[in-house]
Amino acid sequence: MNVSNNDRPSNVEKMTLLEKVQIKSYLSTVSNLTVDECVIYTGLAKSYIYKLTHAGIIPHSKPNGRRIIFNRLELDDWLFSNKVESGDDLNDFIKHAAKALNRKASINYR
């Protein structure tokens with residue numbers, strides 16, 4: 001399946017896995033996404049995307065007051081905005097905090 005600007009996906013449910021992979025590859029180069037493209041790009045359900053837009057949680061635009069458009073870079077920022085620290089990062093943080101407390105305690109003890 002070749003994807004051009006005029007041949008954007010319209011029916012997400014009927015796509016094969018290969019078509020979805022090809023579309024995801026294409027979507028990583030596009031600056032603005034439609035709702036169906038956002039569903040493929042994020043992996044979220046279409047109904048959930050609509051719920052997030054209605055609540056104003058996900059960044060989007062409505063240029064004509066009807067069609068919802070997502071800026072891919074803003075969408076990426078939103079997707080990665082609630083980063084959860086991995087175990088290694090947390091362990092490093094705890095080690096550094098413990099060292100700092102030990103240094104502070106040894107200075108105050110003298």
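Throughout, residue positions are numbered sequentially from 1 according to the sequence presented.
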What distance do [X] atom [atom1] and [Y] atom [atom2] have between them, rounded to the nearest 0.5 Å?
X     : Y     : atom1 : atom2 : answer
Lys51 : Lys46 : NZ    : NZ    : 15.5 Å
Glu19 : Ile40 : CD    : CD1   : 9.5 Å
Leu44 : Leu79 : CG    : CG    : 7.0 Å
His60 : Leu52 : NE2   : CG    : 10.0 Å
Tyr48 : Cys38 : OH    : SG    : 11.5 Å

For the residue pair Asn71 and Trp78, establish whether any side-chain heavy-atom pair is separated by less than 4.5 Å.
no

Using modelled atom types and a 3.5 Å cut-off, is there a donor and acceptor pairing between side-chain atoms of Ser61 and backbone atoms of Pro63?
no

Test your reading of the model: is there a side-chain donor-acceptor pair from Ser25 to the backbone of Val21, 3.5 Å cut-off?
no

Take Thr42 and Phe70 through the side-chain contact (heavy atoms from CB on, under 4.5 Å) test and state the conclusion after the steps.
CA-CA 11 Å; Thr42 62; Phe70 301 91; over 6 Å; no

Run the side-chain contact (heavy atoms from CB on, under 4.5 Å) check on Ile58 and Leu75 step by step: do they pass?
CA-CA 7 Å; Ile58 190 170; Leu75 193 57; 3.5 Å; yes

Contacts of Asp77 that satisfy salt bridge (charged side-chain N to carboxylate O under 4.0 Å, His left out) - sequence neighbours left out
none

Begin with the C-alpha distance, continue with both residues' side-chain angles, and end with the deciding distance and a verdict on side-chain hydrogen bond (donor to acceptor under 3.5 Å, both in side chains) for Tyr41 and Asp36.
CA-CA 9 Å; Tyr41 189 74; Asp36 286 334; over 6 Å; no

Verdict with supporting geometry, Arg72 and Leu27, side-chain contact (heavy atoms from CB on, under 4.5 Å):
CA-CA 8 Å; Arg72 187 180 52 80; Leu27 293 178; 5.6 Å; no

Do Ile57 and Ile68 share a hydrophobic cluster (ILVMFWY, side-chain heavy atoms under 4.5 Å, transitive)?
yes

side-chain contact (heavy atoms from CB on, under 4.5 Å) between Leu33 and Ile69, intermediate numbers included
CA-CA 6 Å; Leu33 306 172; Ile69 302 293; over 6 Å; no

Scanning both residues in full, the closest heavy-atom pair of Thr34 with Arg67 reads CG2-NH2, 3.0 Å

